[in-house]
Trainee: 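Take this structure, written in structure tokens, and hold onto it; I'll ask about it next.
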Amino acid sequence: MKNNTILKKSIIYAACLFSLNAAQAQQSVIENSIGADARAMGMGATGIAAADGVSSILYNPAALARIDKIEAIFGVDVLKNSNKSFIRSNSGIGSVSDDVSYSGLGSLGIAYPIPTDRGSLVLAAAYHRVMDFNNSVYQSGYNDNLSGIETVEVLEEGGVGVFSFGGAVDVSPNVSVGASLDIWLGEYTRDGRSLLNDYDVGFSQLDLENIDDDIHGVSFKPSILYFKDNFRFGAFVQLPMTWNIDESYRDEGYVREDGEYFSMYEYIDTNSEFNDIDYYDSNFDYKIEAPMQLGLGFAIGEPREKMLAFDMVYENWSQAKLKYPSDYFPEPRYFKDKYRSSLQWSAGAEKRLKFLDLTARLGYMRQPVLFKGPRDNDSYGPDVDVKDLKDFVSIGFGKEFDSSLFLDVAYVHGFWKTEEKPKTFESTRDRIYLTVSYQMPVAK
């Protein structure tokens with residue numbers, strides 16, 4: 001009876017770990033948009049109508065037509081992600097906090113206005129780092145569902161940048177249209193270990209896993225901007241795109257029932273006497289067919305002087321599709337069953353403070369938690385209960401030097417809370433954006 005209990009526990013734990021890891025690899029690609037450009041982020045990531053400068057290519061390519069000088073930008077980002085985890089059980093609460101930091105290139109680009117007899121024609125190329133996967137979680141406590149002390153440590157790294165090529169043209173005195181071709185490139189790595197010790201039945205299981213993903217995709221975004229006096233209205237449609245993910249995955253599990261127990265950081269020879277449960281070991285390619293994305297924005301005022309802005313972005317991830325190679329079992333209802341539709345909105349303001357010779361900015365953004373669970377394929381696991389949606393507050397300032405050099409800085413603080421019984425996760429994200437832009441007249 002004891003051996004049967006141990007075997008059953010080992011199978012259940014293995015199934016839970018495998019399904020959790022597979023879901024989180026895809027979830028990281030879908031739920032980690034962080035925005036770019038210090039001016040826009042200081043205003044809560046509002047840029048569909050309020051954007052100016054090279055970074056318009058990211059938020060609304062049609063706004064590039066408002067550029068009348070050659071402009072180059074360079075930006076860096078500094079990120080800190082923090083997680084606080086709880087395991088609630090009849091035996092008490094286990095709680096541990098962990099955090100990870102990242103700094104690097106955030107933006108790089110150039111816009112060039114083509115001289116015309118009437119209206120405006122502007123071409124641009126830029127790079128923005130728009131997703132960040134750097135994250136660290138450490139958690140330990142008694143798990144009632146598994147009847148043992150569970151310890152989990154996960155380190156995630158990587159990110160996605162987008163190379164954008166686009167342009168815009170005036171089609172009337174008050175209307176500009178534009179488009180961008182966006183090439184997305186990045187990587188995601190995940191190293192983790194999980195330990196479960198049940199001292200009642202003498203069960204101990206240690207799991208080591210690694211995921212290494214290369215990520216790429218191409219998208220196309222047509223857009224429009226209407227402007228008259230101090231009023232702006234912008235809209236874009238990002239057409240459905242396909243994420244291509246080349247994945248290398250390995251998970252090793254070791255079980256013992258000899259009255260001894262594994263430790264979290266124990267080295268185990270692969271030729272050891274312990275049972276080696278190789279859950280998964282493969283290299284394969286799969287695709288995520290992402291839904292169409294729609295964006296609308298309104299702004300009142302003059303950029304860098306005084307402006308109020310509001311944006312909405314909608315996409316329905318329940319319509320996405322997961323495409324595995326032909327020799328893998330398909331999951332046609334994966335996104336329909338496990339993801340929500342998404343409505344993200346943001347608001348921001350900026351005002352020039354003449355007595356300080358600075359432009360001050362404030363912003364707020366709300367993002368949904370898209371993944372609703374459960375993580376395991378048999379739907380026996382807990383759903384993701386959203387306690388607090390992803391809320392971001394931001395502040396920033398801009399400084400102009402000699403009418404040609406601009407410095408923009410923004411600080412963004414995000415916080416949210418989810419529960420997957422018996423575990424509760426509290427997360428915060430702090431990010432600093434710094435963007436320098438330089439302008440020079442177009443040669444006639």
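Computed over heavy atoms, backbone and side chain alike; hydrogens, waters and symmetry mates excluded. Note that the structure is predicted; figures quoted are calculated from it, not measured.
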Trainee: Indicate whether any N or O donor in one side chain lies under 3.5 Å from an N or O acceptor in the other, for Ser318 and Asn316.
Mentor: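 Their side chains do contain a donor-acceptor pair, which is all the 3.5 Å distance test asks for.
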
Trainee: Test of understanding: with side chain to side chain contact (heavy atoms under 4.5 Å, CB included), list the residues that count as partners of Leu362, not counting sequence neighbours.
Mentor: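 Side chain to side chain contact (heavy atoms under 4.5 Å, CB included) list for Leu362, sorted by chain: Ile395.
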
Trainee: Indicate yes or no for a side-chain donor-acceptor contact from Tyr59 to the backbone of Ala36 under 3.5 Å, with no hydrogens or angles considered.
Mentor: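 Flag set: sc Tyr59 to bb Ala36 pair under 3.5 Å.
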
Trainee: Count the heavy atoms belonging to other residues, nucleotides or ligands that lie under 6.0 Å from NZ of Lys372, then report whether that count exceeds 12.
Mentor: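 Result for NZ/Lys372: enclosed.
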
Trainee: Does the gap between the ring centers of Phe298 and Phe310 come in under 6.0 Å?
Mentor: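 No - the distance between ring centres of Phe298 and Phe310 does not fall below the 6.0 Å cut-off.
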
Trainee: Could you check whether Glu350 pairs with Arg361 (Lys NZ or Arg NE/NH1/NH2 to Asp/Glu carboxylate O, under 4.0 Å)?
Mentor: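 Salt bridge between Glu350 and Arg361, a charged N being under 4.0 Å from a carboxylate O: yes.
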
Trainee: Between Trp184 and Met241, is any pair of side-chain heavy atoms under 4.5 Å apart?
Mentor: yes

Trainee: Has Arg340 got a side-chain atom pairing as donor or acceptor with Phe371's backbone, closer than 3.5 angstrom?
Mentor: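 Checked: pair present.
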
Trainee: Do Gln293 and Val313 come within less than 4.5 Å of each other through their side chains, counting heavy atoms only?
Mentor: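 Yes; the side chains approach each other to less than 4.5 Å.
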
Trainee: Distance-only check: which donor-acceptor pairs under 3.5 Å involve side-chain atoms of residues 225-240, not counting sequence neighbours?
Mentor:
unit_1	atom_1	unit_2	atom_2	d
Arg232	NH1	Ala49	O	3.2
Arg232	NH1	Ala51	O	3.2

Trainee: For Trp416, is there any backbone N or O sitting under 3.5 Å from a side-chain donor or acceptor partner on Ser427?
Mentor: no

Trainee: Distance from Thr242 atom OG1 to His216 atom NE2, nearest 0.5 Å?
Mentor: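 One finds 10.0 Å between OG1 of Thr242 and NE2 of His216.
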
Trainee: Are any non-hydrogen side-chain atoms of Ser180 and Phe220 less than 4.5 angstrom apart?
Mentor: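 Contact flag for Ser180/Phe220 side chains = no.
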
Trainee: With a cut-off of under 6.0 Å to the ring centre and 45° to the axis, is Lys399 in cation-pi contact with Phe401?
Mentor: yes

Trainee: May I ask you to check whether Asp207 and Ser194 show a side-chain donor-acceptor distance below 3.5 Å?
Mentor: no

Trainee: Whether Arg333 engages the ring of Phe335 as a cation-pi pair (distance to the six-membered ring centre under 6.0 angstrom, angle to the ring normal within 45°) should be assessed.
Mentor: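 No; the conditions do not both hold, so Arg333 does not lie above the ring face of Phe335.
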
Trainee: In the structure I gave you, are the side-chain heavy atoms of Ser176 and Arg66 within less than 4.5 Å of one another anywhere?
Mentor: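 In short, these two side chains touch, coming nearer than 4.5 Å.
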
Trainee: Go through the structure and list residues passing salt bridge (charged side-chain N to carboxylate O under 4.0 Å, His left out) with Arg304, not counting sequence neighbours.
Mentor: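 Asp52, Asp408.
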
Trainee: Specify the closest pair of heavy atoms between Asp37 and Ala40, including all atoms of both residues, with the distance to one decimal.
Mentor: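 Closest pair (atom of Asp37, atom of Ala40, distance): OD2-N, 3.1 Å.
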
Trainee: So, taking the atom named OH in Tyr267 and the one named CG in Leu206, what distance separates them when rounded to the nearest 0.5 Å?
Mentor: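 Tyr267 atom OH to Leu206 atom CG measures 13.0 Å (nearest 0.5 Å).
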
Trainee: For the pair His128 and Ser55, evaluate side-chain hydrogen bond (donor to acceptor under 3.5 Å, both in side chains) and give the outcome as yes or no after the intermediate values.
Mentor: CA-CA 8 Å; His128 293 92; Ser55 290; 3.1 Å; yes

Trainee: Considering only heavy atoms from C-beta outward, does the side chain of Glu156 approach that of Thr189 to under 4.5 Å?
Mentor: no

Trainee: Using a 3.5 Å cut-off and no angle test, enumerate the donor-acceptor pairs between side-chain atoms of residues 159-169 and protein atoms at least two apart in sequence or in another chain.
Mentor:
unit_1	atom_1	unit_2	atom_2	d
Ser164	OG	Asp182	OD1	2.7

Trainee: Please name all residues satisfying salt bridge (charged side-chain N to carboxylate O under 4.0 Å, His left out) with Asp212, sequence neighbours left out, ordered by chain then number.
Mentor: none

Trainee: How many angstroms lie between atom CG of Asn283 and atom CG of Asp246, to the nearest 0.5 angstrom?
Mentor: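 Rounded to the nearest 0.5 Å, the CG-CG separation comes out at 9.5 Å.
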
Trainee: Can we say Arg250 and Glu209 salt-bridge, meaning some charged N sits less than 4.0 Å from an Asp/Glu carboxylate O?
Mentor: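 No.
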
Trainee: Is Arg366 reaching over with its side chain to a backbone N or O of Gln344, donor-acceptor style, under 3.5 angstrom?
Mentor: no

Trainee: Quick one: are the ring centres of Phe392 and Tyr364 less than 6.0 Å apart?
Mentor: no

Trainee: Any side-chain heavy atom of Ile73 sitting closer than 4.5 Å to one from Val436?
Mentor: no

Trainee: Give every residue pair that meets the side chain to side chain donor-acceptor pair (under 3.5 Å) criterion with at least one member in residues 109-124, sequence neighbours excluded.
Mentor: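 Applying side chain to side chain donor-acceptor pair (under 3.5 Å) to every pair that reaches into residues 109-124, excluding sequence neighbours, yields nothing.
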
Trainee: Side chains of Asp311 and Leu296, heavy atoms from C-beta outward: is any pair under 4.5 Å?
Mentor: no

Trainee: Heavy-atom distance under 4.5 Å between the side chains of Asp132 and Glu157, does that happen here?
Mentor: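 A side-chain contact is absent here, since even the closest heavy-atom pair is not under 4.5 Å.
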
